[in-house]
Protein chains: 2
Amino acid sequence: MIPQGAYRDEHFIVDFEHQRAYLDNKAMVLTRKEFELLATLAGNAGDIVPRDILLQNIWGYSPEIRTRTMDVHIRRLRKKLAGYGESYIETIFGVGYRFQPYRAPRQISSPLYALASVA
Amino acid sequence: MIPQGAYRDEHFIVDFEHQRAYLDNKAMVLTRKEFELLATLAGNAGDIVPRDILLQNIWGYSPEIRTRTMDVHIRRLRKKLAGYGESYIETIFGVGYRFQPYRAPRQISSPLYALASVA
DNA sequence: CGGGTTTTTACAAGATTTTTACAACTTGCG
DNA sequence: CGCAAGTTGTAAAAATCTTGTAAAAACCCG
């Protein structure tokens with residue numbers, strides 16, 4: 001589930017091997033569960049990871065167990081990913097979560113184009 | 001595990017070969033176990049050394065043995081490293097300990113370097 | 001023996017994780 | 001639309017787990 005090597009984008013790095021993550025080149029302080037969760041999501045960046053799977057893989061819970069612990073962990077991660085938090089960890093309602101690689105704000109070449117999307 | 005040669009920073013020196021350590025140029029008085037522990041940590045300065053590994057390498061204990069003896073030794077070392085004690089030996093909760101060289105650039109200076117070895 | 005060293009014991013303190021209780025949000029349907 | 005059922009978000013408390021510590025006991029080894 002958690003791949004070898006590393007995940008990396010413009011602001012965020014996960015070094016799976018050394019169990020560390022960096023945000024804008026600063027080491028994040030993460031607990032074990034926080035790291036596992038973040039690493040699992042980032043390791044599957046772009047793909048939805050279902051709640052069932054996360055609960056099974058990280059907590060060893062079977063799907064019928066009712067708990068909010070994962071949501072609490074997600075919240076703490078979003079907090080620690082400050083600023084980018086909302087855009088990195090996306091909620092897929094009724095399914096799970098998806099880690100979205102950072103996308104640089106695109107330079108808009110034509111002001112008309114920008115206006116078009118607002119209108 | 002304990003390397004040849006010496007560890008050295010601005011205040012602290014470990015001479016692995018002669019099994020001696022110096023704090024601000026004064027020879028420390030260390031028992032054998034204390035030296036082994038300190039040398040192991042300093043010899044891996046900057047890296048986390050897991051409790052399991054320390055227990056195995058220094059005490060020959062397997063991971064499931066429950067004992068506080070290592071914690072007691074850590075405490076004595078911190079005491080003897082007076083003043084610098086807290087900053088030298090860092091606790092990594094749930095994992096182990098890490099010896100941080102004096103005034104080392106906070107954490108890992110370049111995550112990119114760390115990743116190079118992974119890539 | 002005897003004195004230093006090491007380990008155990010028994011809690012205290014601290015950190016992490018989970019639960020609880022409820023608020024806020026999404027979605028489907030009449 | 002408007003609402004009900006189900007899902008996710010959140011703060012705070014509780015539970016659990018890990019580490020720190022003092023003191024005493026056990027262990028060595030001359």
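Protein chains get the first letters and strands the later ones, always in sequence-line order, with residue 1 at the start of each.
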Enquirer: Specify the closest pair of heavy atoms between A/Y88 and A/Y102, including all atoms of both residues, with the distance to one decimal.
Expert: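 Looking at all heavy atoms of both residues, the closest pair is OH-CB, 3.3 Å.
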Enquirer: Check the pair B/F12, B/M28 against side chain to side chain contact (heavy atoms under 4.5 Å, CB included), reporting the backbone distance first and the verdict last.
Expert: CA-CA 10 Å; B/F12 180 62; B/M28 295 177 74; 3.7 Å; yes
Enquirer: Whole Å only: how far is the CG atom of A/L77 from the C1' atom of D/dG9?
Expert: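 That distance rounds to 14 Å.
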Enquirer: I'd like to compare against my own output: the B/S/- annotation of nucleotides 15-22 of chain C with a strict under-4.0 Å heavy-atom distance to protein.
Expert: SSBBBBB-
Enquirer: Quick one: list whatever passes salt bridge (charged side-chain N to carboxylate O under 4.0 Å, His left out) with B/D47, sequence neighbours left out.
Expert: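 Salt bridge (charged side-chain N to carboxylate O under 4.0 Å, His left out) check on B/D47 returns nothing, list empty.
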Enquirer: In whole angstroms, how far is the P atom of C/dT6 from the CG atom of B/L38?
Expert: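 Computing the B/L38:CG to C/dT6:P distance gives 13 Å.
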Enquirer: Would one find a side-chain N or O of A/T91 under 4.0 angstrom from OP1 or OP2 of D/dT7?
Expert: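 Answer is no, no contact under 4.0 Å.
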Enquirer: Other hydrophobic cluster members with A/I48, side-chain heavy atoms of Ile/Leu/Val/Met/Phe/Trp/Tyr under 4.5 Å, chained?
Expert: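 Listed partners: A/I92, A/V95.
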Enquirer: Kindly give the cluster partners of A/V72, where membership spreads through any ILVMFWY side chain lying under 4.5 Å from a current member.
Expert: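 ILVMFWY cluster around A/V72 holds nothing else.
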Enquirer: Taking side-chain contact (heavy atoms from CB on, under 4.5 Å) as the definition, give me every residue that meets it alongside A/Q56, ordered by chain and number, with sequence neighbours left out.
Expert: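 With sequence neighbours excluded, A/Q56 shows a side-chain contact (heavy atoms from CB on, under 4.5 Å) to no residue whatsoever.
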Enquirer: For B/F35 and C/dT5, give me the distance from atom CZ to atom C1', rounded to whole Å.
Expert: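 Going from CZ in B/F35 over to C1' in C/dT5 covers 17 Å.
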Enquirer: Scan residues 61-72 of chain B for pairs that pass salt bridge (Lys or Arg N to Asp or Glu O under 4.0 Å), counting only residues two or more places apart or in two chains.
Expert: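 The answer is B/R51-B/D71, B/R68-B/D71.
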Enquirer: List, with names and distances, any nitrogen or oxygen atoms from the protein found under 3.5 Å away from nitrogen or oxygen atoms belonging to nucleotides 28-30 of chain C.
Expert:
none

Enquirer: With sequence neighbours left out, write down each residue that passes side-chain hydrogen bond (donor to acceptor under 3.5 Å, both in side chains) with B/T91, or none if nothing qualifies.
Expert: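 Testing B/T91 for side-chain hydrogen bond (donor to acceptor under 3.5 Å, both in side chains), a comparison that skips the adjacent residues, returns B/R78.
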Enquirer: From CD1 of B/I74 over to P of D/dT21, roughly how many Å is that when rounded to an integer?
Expert: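 Rounding to the nearest Å, CD1 of B/I74 and P of D/dT21 are 11 Å apart.
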Enquirer: DNA chain D: A/D71 or B/G94, which has the more 5' nearest nucleotide?
Expert: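 That would be A/D71.
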Enquirer: Could you state the CD1-C1' distance from B/I65 to C/dT7, rounded to the nearest angstrom?
Expert: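 After rounding, the gap between these two atoms is 12 Å.
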Enquirer: For the helix from C/dC1-D/dG30 to C/dG30-D/dC1, what angle lies between the axis at the first five pairs and the axis at the last five pairs, to 10 degrees?
Expert: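 Taking five pairs per end, the axes differ by 30°.
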Enquirer: What residues form a side-chain contact (heavy atoms from CB on, under 4.5 Å) with A/I58, not counting sequence neighbours?
Expert: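 A/I58: side-chain contact (heavy atoms from CB on, under 4.5 Å) contacts with A/K33, A/E36, A/L37, A/T40, A/L54.
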Enquirer: Nearest whole Å is fine: how far is C/dT26 P from A/Y97 OH?
Expert: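 That distance rounds to 13 Å.
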Enquirer: Can you name the residues that form a side-chain contact (heavy atoms from CB on, under 4.5 Å) with B/Y22, not counting sequence neighbours?
Expert: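 B/I13, B/R20, B/A27.
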Enquirer: Mind checking what makes side-chain contact (heavy atoms from CB on, under 4.5 Å) contact with B/D52, not counting sequence neighbours?
Expert: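 If we apply the side-chain contact (heavy atoms from CB on, under 4.5 Å) test to B/D52, skipping adjacent residues, the hits are B/P63.
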